[in-house]
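Accompanying notes for the structure given below.
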Protein chains: 2
Amino acid sequence: MKITEARVKATLRRYGYKLTRQRRSIIKAVVSSEDRLTPAALYNKLHQDYPDIGLVTVYRTLGLLDNLGFLCKLHTGGDCHACTIGTPEPHHHLICSGCGKVIDFFCRSMAELEGNLAEETGFTIKDHLLEFTGYCQNCRKDLM
Amino acid sequence: MKITEARVKATLRRYGYKLTRQRRSIIKAVVSSEDRLTPAALYNKLHQDYPDIGLVTVYRTLGLLDNLGFLCKLHTGGDCHACTIGTPEPHHHLICSGCGKVIDFFCRSMAELEGNLAEETGFTIKDHLLEFTGYCQNCRKDLM
DNA sequence: TATGTAATTGAAAAAGATTATCAATTACAT
DNA sequence: ATGTAATTGATAATCTTTTTCAATTACATA
């Protein structure tokens, strides 16, 4: 159920957005990257291959992808507004502090916990955020 | 096990930090507030009673409290760097999107989930972040 | 209680991140 | 091929956060 370049492009087209060269390059970079990407990091990466791309366009396109539900914002770690491509289905993140790799996972018991919490506190719970951080196998090796 | 003004002050003294008027007012405000506080919000709040306090001092003192382990950063919602007073013990947050109230809770099964995840992925997990958002009883009433 | 000193403060400037403005360009329906 | 509305990049504007530095202040010591 991985999100593909084609799927993102099709969605843009369906909503009447134009497929500019800049948007295509940003979509390609976001979809194919395993790492968390801040707007600035994405801009630097793209600027090598597409020297005429503007930082503003990166911000605008990320905003657009976010509105369409294609982005997952990450919060843990230094960069609070980094993001990766992501499905709209509820899921959680495992993030490597070394290389920035992000692994999605799903945990069935969250729903149960949410139910208990709502009952105990009287809250109506709308959303949640769960992120684990640590070091992947590769980066752990590098640390030794 | 709530953190008190006296405890924070004692810790500052123990580490050789001076107890200035500004620091005391910031500590008082942070400890006594139930809400999430951004640096700017805290500054505005304090500025009424202590007109000569500077925004920079608010930033500096919050940084100090953070280093000493007295702050919990919140990530969910618009303001990504809001904080509350918090214990160093691992715990999670339940945040009201209406009034900003923050409830701490602890969930034993997180350790178990962390273990499973580490085993499945080969990660060495160092930390995690769990936040639920929704509406408390009062704010839910207001929405109707 | 007075005094010396190093930590702390506030103002101003600098540095970063993000958003708004607007003329020039471009995708795409026709 | 063409017209038009969306999109873009450069620039400026806005916010947030950090640095710098002279003036002030807490507090240990006499």
Check step by step if side chain to side chain contact (heavy atoms under 4.5 Å, CB included) holds for A:L62 and A:V30. CA-CA 9 Å; A:L62 284 178; A:V30 169; 4.2 Å; yes
Those stems involving DNA chain C that have three or more consecutive Watson-Crick or G-U pairs, both distances under 3.5 Å, are C:1-30 with D:1-30
For DNA chain D, whose closest nucleotide is more 5', that of B:V56 or that of A:I53? A:I53
Assign each of A:V58 and B:P39 the nucleotide of DNA chain D bearing its closest heavy atom; nearer the 5' end lies the nucleotide of A:V58
To the nearest Å, how far apart are [X] [atom1] and [N] [atom2]?
X     : N      : atom1 : atom2 : answer
B:L62 : D:dT16 : CG    : P     : 14 Å
A:H81 : C:dT18 : NE2   : C1'   : 10 Å
B:L12 : D:dC27 : CG    : P     : 10 Å
A:Y17 : C:dA27 : OH    : P     : 18 Å
A:K9  : C:dA27 : NZ    : P     : 13 Å
A:I27 : D:dT7  : CD1   : P     : 12 Å

Phosphate contact (D:dT8 OP1 or OP2) by A:T20 side-chain N/O below 4.0 Å: yes
Is A:Q22 near enough to C:dA27 that one of its side-chain N or O atoms lies under 4.0 angstrom from OP1 or OP2? no
With rounding to the nearest 0.5 angstrom, report the CZ to CG distance, B:F106 to B:L130. 11.5 Å
Non-neighbouring partners of B:D49 that pass side-chain contact (heavy atoms from CB on, under 4.5 Å), sequence neighbours left out: none
Is the backbone N or O of A:Q22 less than 3.5 Å from a side-chain atom of A:S25, with the two atoms forming a donor-acceptor pair by type? yes
Return yes if some donor-acceptor pair links the side-chain N/O of A:E131 with the main-chain N/O of A:H75 below 3.5 Å, else return no. yes
Tell me whether the rings of B:H91 and B:H93 are parallel (<30°), tilted (30 to 60°) or perpendicular (>60°). perpendicular
In terms of the nearest nucleotide of DNA chain C, which residue is placed more toward the 5' end: A:A40 or A:R60? A:A40
Reckon A:R23 touches a base, only the sugar-phosphate, or nothing at all at heavy-atom distances under 4.0 Å? sugar-phosphate
